[in-house]
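Accompanying notes for the structure given below.
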Number of protein chains: 2
Amino acid sequence: METNALPANILDPDCPSRVIFQRIGDKWASLVVQVLAAGPVRFSELRKMVHVVTPKVLTQTLRTLERDGLITRTVYAQVPPRVDYELSELGASLLEPLTLLRQWAEDHVPSILEARDAYDDAQDAGILNP
Amino acid sequence: METNALPANILDPDCPSRVIFQRIGDKWASLVVQVLAAGPVRFSELRKMVHVVTPKVLTQTLRTLERDGLITRTVYAQVPPRVDYELSELGASLLEPLTLLRQWAEDHVPSILEARDAYDDAQDAGILNP
DNA sequence: TGCATTGGTTTCCATGAGGTAACTAAGTTC
DNA sequence: GAACTTAGTTACCTCATGGAAACCAATGCA
């Protein structure tokens, strides 16, 4: 029983709950999840929508997401081949917290840019008048 | 005016809303933010709580968070020095979506581990009976 | 005088994530 | 039979991130 309210588990490097933060932190994974929010998308479409990702890296990303059960991969026996990627139930459940984070990011972009400007100005002033 | 509901902005590599995802994705930043949820913490304490991070990397992380206005840095004129790091109002507002994401991660760890096992088993079977 | 404390900085190094470019499979159409 | 399509794979390379270890500044204290 934990006696304090700190997120001790996530601070534990061995706790598996860190995997999701690694997943979110992945350069492409969270983008893919959000693109798939609209429904199943095939490989080549995904490439276009996620804007200039190389096939190698996209494949890696998709395989990892599939392995973690966040997306499903459906191969159609056609030529040329057709492969659809779709959010699983688990992946869809991630959409809600992810969207909130995206909302936060979009809402606070001005504040962050402002803070950066202020910080950089202070730095410059400090260099000129130490 | 966007005609669809897709998160087109975040898919745009030039949109600044990506900065927050990079910030979250940072190996230590989101951990620091969650540690600071409990109140101001000084450098050496932070090092212990975030479990084996080198001072160089912790400094980098803190500087970036400070520059983005998520935390404040307070130096006390003492010897030996004392520096407190604390969430700003902006940083505190990130806590809510971040906590939801952490909740999700903690709640779904079993599902993800299960999915991994199933995936790996399927892979092994595929290798044995191709 | 010299050692301890805190909050860093600096230099060097290894790893790995991601990018580039070329290639492949397999059937369909020209 | 040559070319086109999709969905990748493979080999190679580069650069940024993060880690290790040593060092430093300022002062109180023994």
Side-chain angles (χ1 to χ4, degrees), chain A residues 11 13-14 18-19 21-32 35-36 40-68 71-86 119 122-123 126-127 130, chain B residues 11 13-14 18-19 21-32 35-36 40-68 71-86 119 122-123 126-127 130:
Chain A
L11 296 179
D14 298 328
R18 277 209 178 179
V19 302
F21 279 88
Q22 291 167 5
R23 208 51 78 247
I24 303 298
D26 184 274
K27 193 172 177 185
W28 302 110
S30 58
L31 264 56
V32 166
V35 166
L36 294 186
V41 180
R42 52 196 298 193
F43 190 82
S44 52
E45 285 302 309
L46 216 40
R47 271 197 75 185
K48 288 173 203 155
M49 296 174 76
V50 181
H51 206 257
V52 208
V53 56
T54 61
K56 191 192 79 170
V57 174
L58 183 56
T59 303
Q60 285 174 355
T61 305
L62 292 169
R63 289 288 181 280
T64 308
L65 288 172
E66 190 192 357
R67 191 171 104 100
D68 283 352
I71 65 173
T72 60
R73 180 171 177 271
T74 311
V75 183
Y76 296 94
Q78 303 177 355
V79 170
R82 175 205 176 103
V83 178
D84 273 8
Y85 292 93
E86 193 173 4
Y119 184 90
Q123 285 300 98
I127 289 164
Chain B
L11 296 180
D14 297 328
R18 276 209 177 177
V19 302
F21 279 88
Q22 290 166 6
R23 208 52 77 246
I24 304 298
D26 184 273
K27 193 172 178 184
W28 302 109
S30 59
L31 263 58
V32 166
V35 167
L36 294 186
V41 180
R42 52 195 300 193
F43 191 83
S44 52
E45 285 302 308
L46 215 41
R47 270 197 76 184
K48 289 173 203 155
M49 296 175 76
V50 181
H51 206 257
V52 208
V53 57
T54 60
K56 191 193 79 169
V57 173
L58 183 56
T59 303
Q60 285 174 353
T61 304
L62 292 169
R63 289 289 181 281
T64 308
L65 288 172
E66 190 193 358
R67 191 170 103 100
D68 284 352
I71 65 174
T72 60
R73 179 172 178 271
T74 310
V75 182
Y76 296 93
Q78 303 177 356
V79 169
R82 175 207 177 102
V83 179
D84 272 9
Y85 292 93
E86 193 172 5
Y119 185 90
Q123 284 300 98
I127 288 164

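Atom set for the values below is all heavy atoms of this structure, side chains included, hydrogens, waters and symmetry mates excluded. Numbered from 1 within each chain, the chains take letters A, B, ... in sequence-line order.
Between the CG atom of Leu62(B) and the P atom of dG8(C) there is a distance of 8 Å, given to the nearest Å. Straight-line distance from the CG atom of Leu58(B) to the P atom of dG8(C): 8 Å, rounded to whole Å. Atom CD in Gln78(B) sits about 16 Å away from atom C1' in dG8(C), given to the nearest Å. Rounded to whole angstrom, the span from the CZ atom of Phe43(B) across to the C1' atom of dT9(C) amounts to 10 Å. Distance, Arg73(B) CZ to dT6(C) P: 16 Å, rounded to whole Å.
Within the 4.0 Å cut-off from OP1 or OP2 of dA26(C), not a single side-chain nitrogen or oxygen of Arg82(A) is found. In this model, the phosphate group of dA7(D) is approached by a side-chain N or O of Arg42(A) to a distance below 4.0 Å at OP1 or OP2. Between Arg63(B) and dG8(C) there is a side-chain polar atom (N or O) within less than 4.0 angstrom of OP1 or OP2. In this model, the phosphate group of dG27(C) is not approached by any side-chain N or O of Tyr76(A) to a distance below 4.0 Å at OP1 or OP2.
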Please list, pair by pair, any protein nitrogen or oxygen found under 3.5 Å from a nitrogen or oxygen in nucleotides 18-21 of chain D.
unit_1  : atom_1 : unit_2   : atom_2 : d
dG19(D) : OP1    : Lys27(B) : NZ     : 3.2
dG19(D) : N7     : Lys56(B) : NZ     : 3.3
dG19(D) : O6     : Lys56(B) : NZ     : 2.4

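Remark: Asp26(B) pairs with no residue by the salt bridge (Lys or Arg N to Asp or Glu O under 4.0 Å) rule, at least two apart or across chains. Remark: Glu45(A) engages Lys48(A) in a salt bridge (Lys or Arg N to Asp or Glu O under 4.0 Å) (not counting sequence neighbours). Listed by chain and number, the residues in a salt bridge (Lys or Arg N to Asp or Glu O under 4.0 Å) with Arg63(A) amount to none (sequence neighbours excluded). Annotation: side chain to side chain contact (heavy atoms under 4.5 Å, CB included) contacts of Pro80(A) (sequence neighbours excluded): none. Under the side chain to side chain contact (heavy atoms under 4.5 Å, CB included) criterion, Lys27(A) pairs with no residue at all, not counting sequence neighbours. Applying the side chain to side chain contact (heavy atoms under 4.5 Å, CB included) test to Ser44(B) and every residue at least two apart in sequence or in another chain returns Arg42(B). In this view, Val75(A) and Arg73(A), Val83(A) satisfy the side chain to side chain contact (heavy atoms under 4.5 Å, CB included) rule, not counting sequence neighbours.
Checking side-chain atoms of Arg23(A) against main-chain N and O of Ser30(A) turns up no donor-acceptor pair under 3.5 Å.
Counting heavy atoms from C-beta outward, Phe43(A) and Pro55(A) have side chains that approach closer than 4.5 Å.
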Protein heavy-atom contacts under 4.0 Å, written 5' to 3' over nucleotides 24-30 of chain D as B (base), S (sugar-phosphate only) or - (none), form the string ---B---
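If you check every strand for non-hydrogen atoms under 4.0 Å, Arg47(B) touches nothing.
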